[in-house]
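This one's a predicted model, so the numbers in the text were calculated from it and none came from an experiment. As the structure lists them, so they are numbered: ligands from 1, and atoms in each ligand from 1.
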Amino acid sequence: MKLAEVFARAIGRDAPLEFRAFDGSTAGDPGAPARIVVRSPLAMSHLASAPGELGLARAYVSGSLDIDGDMYAALASMSSATLEGVPAKVRLEIAARLGAYRLWWPTRRPAAESRLRGRRHSKARDQEAITYHYDVSNRFYSWILGPSMAYTCAVYPEADSSLEEAQWTKHDLVARKLGLRPEMRLLDVGCGWGGMVIHAARHYGVRALGVTLSRKQAEWGQKAIAEAGLSELAEIRHLDYRDVRESGFDAVSSIGLTEHIGKARLGEYFRFLHDKLRPGGRLLNHCITRSDNAQPAKVGGFLNRYVFPDGELESPGHLVSAMHDNGLEVRHEENLREHYSRTLTEWCANLDAHWPEAVREVGLDRARVWRLYMAGSRLGFERNNVQLHQILGVRLDGADARMPLRPDW
Ligand SMILES: C[S@@+](CC[C@H](N)C(=O)[O-])C[C@H]1O[C@@H](n2cnc3c(N)ncnc32)[C@H](O)[C@@H]1O
């Protein structure tokens, strides 16, 4: 059986995809928005060794399989692939073919795959994990993220708002939820390239300290603060949040950091942030959560090995409980899932628009990792496999929460 026949049976003959393989076989619609090209038997060996997303990712990142055109459309079609309706005899034949590929074309893990050592979530290993993903190239990130350099879900105020407006709106939403006012002190943990710190200082006159484990982000953010003339108010340090010594902050923001903490450490994370606040101070926690809480968290897949090593997602309920159990009165929460699929759609389009220079900057294998992960994440938010929750908590400890009677955020 030729590979195109296997493909047509698994994906369906009407899928909006074209398929070509090294054995000369073809299937699908040549005018489709996306084309899968299996360039060598090595791709089949990758798929046989690690069936599903990891095998596909290894084949794509190693260059033995290409996905041309619309990556999102390709993933949307492939994610529903199944051999369920295929007769048992044919399935056995396919399994035997895959086994033979595996035997004759042994695979090696592509060099881009992460290999972290040491105790999970030790400071040293977390530094390695963050360097792996964020210290790639600031230029590369600027092509994807645009001028805001914000690497988290934007908040679109209108149907036709731009990414830049939506990132501004996200920072402003966080500022308003935190009740920022001039002379307040804000701690932004996991500050990235400094977007929230700069927004709080520029628009609210707040004294803002941001910390990030990425050296390249810190350098970029420090320069951006100086160029904006905000050095009196804003500061960014290359520092593990656990090493922040100051306390008594009026507000803490954590935008996209929780995904790096790990379930086992969530309690101490929220306790630490609680202790950084003065009584009456607020924490706004913004992070990706997972929808299916019944399944154990998935480790060792594509995202863990190529994108966010040691990253872990929790359910929104678990986060609310962890905040509640660590001294924070939970006052508000909202799910911004649709905003993240839209944000990712724009990042994917930006990467495609800068593809040749992105490949020159970080190499083809890495550029492919980002292309695959961002399109897959867009699909994940659209299909409610993952969500984005903002949760607002207050440290009471005898103080008044001073929340508005009906917030108009
Ligand atoms: C997805 S990025 C979000 C950046 C930024 N908040 C934004 O919205 O663009 C996650 C950030 O968490 C930071 N981070 C992860 N673990 C950290 C830790 N232990 N201490 C400080 N920063 C950390 C990373 O360096 C990165 O800046």
Side-chain angles (χ1 to χ4, degrees), residues 116 118-136 138 141-142 144-155 163-164 166-175 178 186-200 208-222 224 234-245 252-262 264-266 268-270 272-273 276 283-289 303 307-313 336 339-340 343-344 346-347 370 373-374 377 386 388 390:
L116 301 190
R119 190 168 46 83
R120 218 173 149 82
H121 295 303
S122 65
K123 285 185 186 169
R125 181 162 161 153
D126 278 352
Q127 176 64 77
E128 250 192 272
I130 295 306
T131 300
Y132 175 84
H133 184 81
Y134 297 95
D135 284 347
V136 169
N138 282 340
Y141 275 111
S142 74
I144 295 174
L145 305 178
S148 75
M149 286 302 267
Y151 193 28
T152 41
C153 172
V155 177
L163 174 64
E164 206 53 21
Q167 291 295 8
W168 192 98
T169 305
K170 183 259 304 291
H171 288 141
D172 211 59
L173 179 65
V174 172
L178 289 172
L186 167 73
L187 171 63
D188 185 38
V189 289
C191 67
W193 289 269
M196 183 65 214
V197 165
I198 291 172
H199 190 96
L209 168 63
V211 294
T212 168
L213 264 188
S214 157
R215 188 179 49 78
K216 288 197 175 176
Q217 287 182 335
E219 285 167 4
W220 172 290
Q222 286 154 0
E235 184 190 351
I236 285 179
R237 297 182 198 154
H238 173 211
L239 191 70
D240 193 301
Y241 81 91
R242 290 164 282 196
D243 292 329
V244 172
R245 297 279 162 251
V252 173
S253 47
S254 173
I255 310 175
L257 162 67
T258 318
E259 297 88 329
H260 295 289
I261 299 298
R265 290 182 174 260
L266 271 183
E268 57 189 78
Y269 158 75
F270 283 122
F272 184 90
L273 299 186
K276 291 289 134 189
L283 164 68
L284 189 284
N285 204 80
H286 166 126
C287 73
I288 302 171
T289 60
L303 283 177
V307 188
F308 296 111
D310 291 349
E312 284 178 50
L313 300 184
L336 297 163
H339 292 262
Y340 218 160
T343 308
L344 280 154
E346 300 211 44
W347 291 348
W370 263 255
Y373 117 74
M374 293 196 303
S377 301
V386 277
L388 189 288
Q390 282 196 345

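With respect to the salt-bridge test (charged N to carboxylate O, under 4.0 angstrom), the residues D126 and R242 qualify. Under the 4.0 Å criterion applied to side-chain N and carboxylate O atoms, K123 and D243 are assigned as salt-bridge partners.
Protein residues with any heavy atom under 4.0 Å from ligand 1: I130, Y134, A150, Y151, T152, G190, C191, G192, V211, T212, L213, S214, Q217, L239, D240, Y241, R242, I255, G256, L257, H260.
Remark: of the listed residues R215, Q217, K216, R215 is the sole one forming a side-chain hydrogen bond (donor to acceptor under 3.5 Å, both in side chains) with E219.
In this structure, L213 and H260 have side chains that are not in contact, with every pair of non-hydrogen atoms separated by 4.5 Å or more.
Residues meeting the ring pair (Phe, Tyr, Trp, His ring centres under 6.0 Å) test with H171, sequence neighbours left out: H199.
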Should W347 and L163 be marked as a side chain to side chain contact (heavy atoms under 4.5 Å, CB included) after you check the CA-CA gap, both sets of side-chain angles, and the distance that decides it?
CA-CA 9 Å; W347 291 348; L163 174 64; 3.9 Å; yes
